[in-house]
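Before any comments, here is the structure.
The analysis underlying the following values was restricted to heavy atoms, covering all of them including side chains, and did not include hydrogens, waters or symmetry mates. So you know, we letter chains A, B, ... as the sequences are listed, proteins then strands, and number each from 1.
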Protein chains: 2
Amino acid sequence: MNTKRHRMAADDRRSAILDAATTLLTDQPWEDVTVAGLLDAAGISKGGFYHHFTSKDDVLAEVVLRLSDASISAGEDSLSRCGGTAVERFSAFLAHSARWELSHAAKIAAIVRMAMMEGNGPLFVKLGEESARRCLPLFKALVRDGVAQDAFCVVDTDLTAELLMHIGRMRWPTFLGARRIFADGQRDAAWRMICDRVRVEEGLTNRLLGLESGTVTFPPLTEYWLVLDAEWQNEAP
Amino acid sequence: MNTKRHRMAADDRRSAILDAATTLLTDQPWEDVTVAGLLDAAGISKGGFYHHFTSKDDVLAEVVLRLSDASISAGEDSLSRCGGTAVERFSAFLAHSARWELSHAAKIAAIVRMAMMEGNGPLFVKLGEESARRCLPLFKALVRDGVAQDAFCVVDTDLTAELLMHIGRMRWPTFLGARRIFADGQRDAAWRMICDRVRVEEGLTNRLLGLESGTVTFPPLTEYWLVLDAEWQNEAP
DNA sequence: CTTGTTTACAGACCGGCAGTCGGTATGTAT
DNA sequence: ATACATACCGACTGCCGGTCTGTAAACAAG
């Protein structure tokens, strides 16, 4: 009773809770996040919490949506805005995505760290499902257009799109690895790791699309310096 | 007290519990499997159970090992037994694996069903990790040898191996899809789905390895008829 | 056949967890 | 002022994973 009763707009309260959950998730696997802890972090009572969410997992689902939405939306509308030939479109899409990712490096790093954390299987799977649900169609469309224009020559549209997405999914975990190496003082090795990764992705992308190496292009390597350069909070110990 | 005390050899008891867990897992996600339920299914008390396992998750870990070990071991020693050129070795490995899989279709199907079940993220992830831990090195070795012999021309050994494994991982989920379609009466469509899948895998494998289509070969399509033909228990409702 | 020791097992018990419920405060419309 | 809706509270419940104390079976030694 001594606790003052803060009444907030439903949406504000929801996002406050979601924020708290996201924060907790940065250094705890979801299994270890308790509703009590979440209540504490969000400054609300159990009754209040269950007025806004139906279950603990309900919160996770929303968190996943919030985490993935920004990046996926960016991809979706970058795609809708690039024209030209299939090859140009593909390269433009790659460039837009890369730039968006690089300018949100800290946030992406945090998400990847969460997803890769021990005991966070559910989060990892849900994020994967969500990105498959929304990103795969993008890649498929891109590939299909190229095939229709006789620009690409793929073995199979769907599997090719899936592999392209799979490659992209493993990019940031690799970047984080480089980042760690960089922090260890092996700066050259770290930078080489990043350059290699990008070059390899470009090579594989062209190969999967049935193109000469260098046809579809990734942004210039120098842009990726941001991966190592950016100041991030919450670095792993 | 009225319960008779069955005293068993430790190993027998362990595997009895593991069997029970595996059975429960066929129609329940791991989250929903309770220790009490497991106790009941295995016919043992709590004290007995915790004498053999340190935790519920300990059981899952063991189950994962048991599920994955047979197939992975088969792969490992089939690899060790095939000689010849890199291309021959690769094809032989593919053939051995395919035949082993096809002759254990029911079991594989059950495992895949478990892993793909809603709310079984942890199982899915753990199985993936285990197969990555043991299968990836196989693929890497295969690819590396081919490159060393100038037989393969890959963009990057490691990523190529990873993609090859990823393709393989998605094979049986696809087969199960075909199986469902088959059960629905669309027999031709189901069979076409399987043939397409195998052809596409073969095409992509050759492309990733930098080979002319048809160089590395999968077993003849007719062998895959077993996917649809075999009598399996526990078909999904 | 005793005795002692180890090992497999039993089941009462515990702390903590997610989720519920009756009730209370804080608006907003009439 | 009255009535209704909505945000919120915290005691409570039921269950679940895990521990603990104790007991019965197997085995070894004398």
Run the side-chain donor-acceptor check on residues 41-55 of chain B: report pairs under 3.5 Å with partners two or more places apart or on a different chain.
from, atom 1, to, atom 2, distance (Å)
B:S45, OG, B:G48, N, 3.2
B:S55, OG, B:D57, N, 3.4
B:S55, OG, B:D58, N, 3.1

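- One interatomic measurement links the two molecules: CG of B:D58 to P of D:dT19, which rounds to 12 Å at whole-angstrom precision.
- Between A:R133 and A:E130, at least one side-chain N (NZ, or NE/NH1/NH2) sits under 4.0 Å from a carboxylate O, which counts as a salt bridge.
- Contacts of residues 8-16 of chain A with DNA chain D (heavy atom under 4.0 Å): A:M8, A:A10, A:R13.
- Ring geometry for A:W100 against A:H104 counts as parallel: the plane angle stays under 30°, on a 0 to 90° scale with 60° as the upper cut.
- For B:R14, the salt bridge (charged side-chain N to carboxylate O under 4.0 Å, His left out) partners at least two apart in sequence or on another chain are B:E62.
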Whether each nucleotide of nucleotides 15-20 of chain C has a protein heavy atom under 4.0 Å at its base (B), only at its sugar-phosphate (S) or at neither (-) is summarised, 5' to 3', as --SBBB
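- Identified under the ring-ring contact (aromatic ring centres under 6.0 Å, His included) test for residues 17-39 of chain A, with sequence neighbours left out: none.
- With sequence neighbours excluded, no residue forms a ring pair (Phe, Tyr, Trp, His ring centres under 6.0 Å) with A:H96.
- One can place NE2 of B:H52 at 16 Å from C1' of D:dG18, the figure rounded to the nearest angstrom.
- In this structure, the CG atom of A:L39 is 13 Å from the P atom of D:dA11, given to the nearest Å.
- The residues A:R180 and A:D184 are annotated as not salt-bridged, no charged nitrogen and carboxylate oxygen being separated by less than 4.0 angstrom.
- In secondary-structure terms, DNA chain D builds stems of at least 3 consecutive Watson-Crick or G-U pairs, each pair having both distances under 3.5 Å, at C:4-30 with D:1-27.
- With respect to the salt-bridge test (charged N to carboxylate O, under 4.0 angstrom), the residues B:R197 and A:D156 do not qualify.
- With rounding to whole Å, B:I44 atom CD1 is found 5 Å from C:dC9 atom P.
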When you compare the protein's N or O atoms with those of nucleotides 26-30 of chain C, which come within less than 3.5 Å of each other, and at what distance?
from, atom 1, to, atom 2, distance (Å)
C:dT26, O2, A:R7, NH1, 3.2

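- Atom-to-atom, NE2 of B:H51 to P of D:dT23 comes out at 18 Å; the value is rounded to the nearest Å.
- Under the rule for a side-chain contact (heavy atoms from CB on, under 4.5 Å), the partners of A:V112 that lie at least two apart in sequence or sit in another chain are A:I108, A:M116, A:W172, A:P173, A:L176.
- Annotation: side chain to side chain donor-acceptor pair (under 3.5 Å) contacts of B:D32 (sequence neighbours excluded): none.
- Straight-line distance from the CZ atom of B:F53 to the P atom of D:dT19: 15 Å, rounded to whole Å.
- No side-chain heavy atom of A:I194 sits under 4.5 Å from any side-chain heavy atom of A:T174.
- Applying the side chain to side chain donor-acceptor pair (under 3.5 Å) test to A:D19 and every residue at least two apart in sequence or in another chain returns A:R66.
- Remark: A:R169 engages no residue in a side chain to side chain donor-acceptor pair (under 3.5 Å) (not counting sequence neighbours).
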